[in-house]
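Okay, structure first, notes after.
FYI, the numbering just counts along the sequence from 1. Worth knowing before you read on, the calculation uses all heavy atoms, side chains too, and leaves out hydrogens, waters and symmetry mates.
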Amino acid sequence: MAVEIKLYCSICGRNTYYQERIEDAAKDLGLDCTVEMVTDETKWKKLGLEEGCLFAYCPGCKAMHDDPNVRNLPAVEVNGELKFWSVPATDEELTACLREYLPG
């Protein structure tokens, strides 16, 4: 059964790149998965996620999302469990996380 990965995010080129990094990490591991970008506000709000993005200007997630008590976009969910939020995961973090879903 394929692992279901969702990237909850705003419509932004940085998030397209984040999605590509997730797909690349999964491919490198040989992980059978689907990766979906979710920009529908009603879906990510149900998870308690917030959007702190600024219109037409992006200082970067690390600058915008410094409160550890708030879960901001972008966020990655794997098989229904939020794994990363507020700041995009590093390639190493993605690989370590997805490795847990390899069969056997």
Original post:
Checking N79 side chain against V3 main chain: does a donor-acceptor pair fall under 3.5 Å?
Top reply: no

**OP:** Mind checking the CD-CE spacing from E20 to M37? Nearest 0.5 Å is all I need.
**Re:** 8.5 Å

Original post:
Considering residues, nucleotides and ligands other than E4, do more than 12 of their heavy atoms fall under 6.0 Å from its CD?
Top reply: no

Original post:
Do any pairs count as a side-chain hydrogen bond (donor to acceptor under 3.5 Å, both in side chains) and have a residue in residues 94-104, sequence neighbours left out, and if so which ones?
Top reply: K83-Y101

Subject >> Separation of Q19 CD from D24 CG (nearest 0.5 Å) >> reply: 10.5 Å

**OP:** Check for a donor-acceptor pair, side chain of S86 on one end and backbone N or O of N72 on the other, with a separation under 3.5 Å.
**Re:** yes

Subject >> Shortest non-hydrogen separation from P74 to C9 and the atoms involved >> reply: CB-CB, 4.2 Å

**OP:** To the nearest 0.5 Å, tell me how far K43 NZ sits from E77 CD.
**Re:** 11.0 Å

Original post:
In Å and rounded to the nearest 0.5 Å, what is the CD to CD distance from E41 to E50?
Top reply: 11.0 Å

Original post:
So which heavy atom on C97 is nearest to which on V78, and how close?
Top reply: SG-CG2, 4.3 Å

**OP:** Determine whether P88 and R21 make a side-chain contact, defined as any pair of heavy atoms from C-beta on separated by less than 4.5 Å.
**Re:** yes

Original post:
Is the closest side-chain heavy-atom distance between L47 and R71 below 4.5 Å?
Top reply: no

**OP:** Mind listing the closest non-hydrogen atom pair of A25 and L94 along with its distance?
**Re:** CB-CB, 4.2 Å

**OP:** Answer with yes or no whether the hydrophobic clustering places V35 together with Y18; edges join I, L, V, M, F, W, Y residues whose side-chain heavy atoms lie under 4.5 Å apart.
**Re:** yes

**OP:** Indicate yes or no: at least one non-hydrogen side-chain atom of L82 is less than 4.5 angstrom from one of L49.
**Re:** yes

Subject >> Heavy-atom donor-acceptor pair, Y8 side chain to K45 backbone, under 3.5 Å >> reply: no

Subject >> Separation of I22 CD1 from L31 CG (nearest 0.5 Å) >> reply: 12.0 Å

**OP:** Establish whether F84 and L73 are linked, either directly or via other cluster members, by ILVMFWY side-chain heavy-atom contacts under 4.5 Å.
**Re:** no

Original post:
Do L98 and I5 have side-chain heavy atoms sitting under 4.5 Å apart?
Top reply: yes

Subject >> Minimum heavy-atom distance W44-V38, with the two atoms named >> reply: CD1-O, 4.3 Å

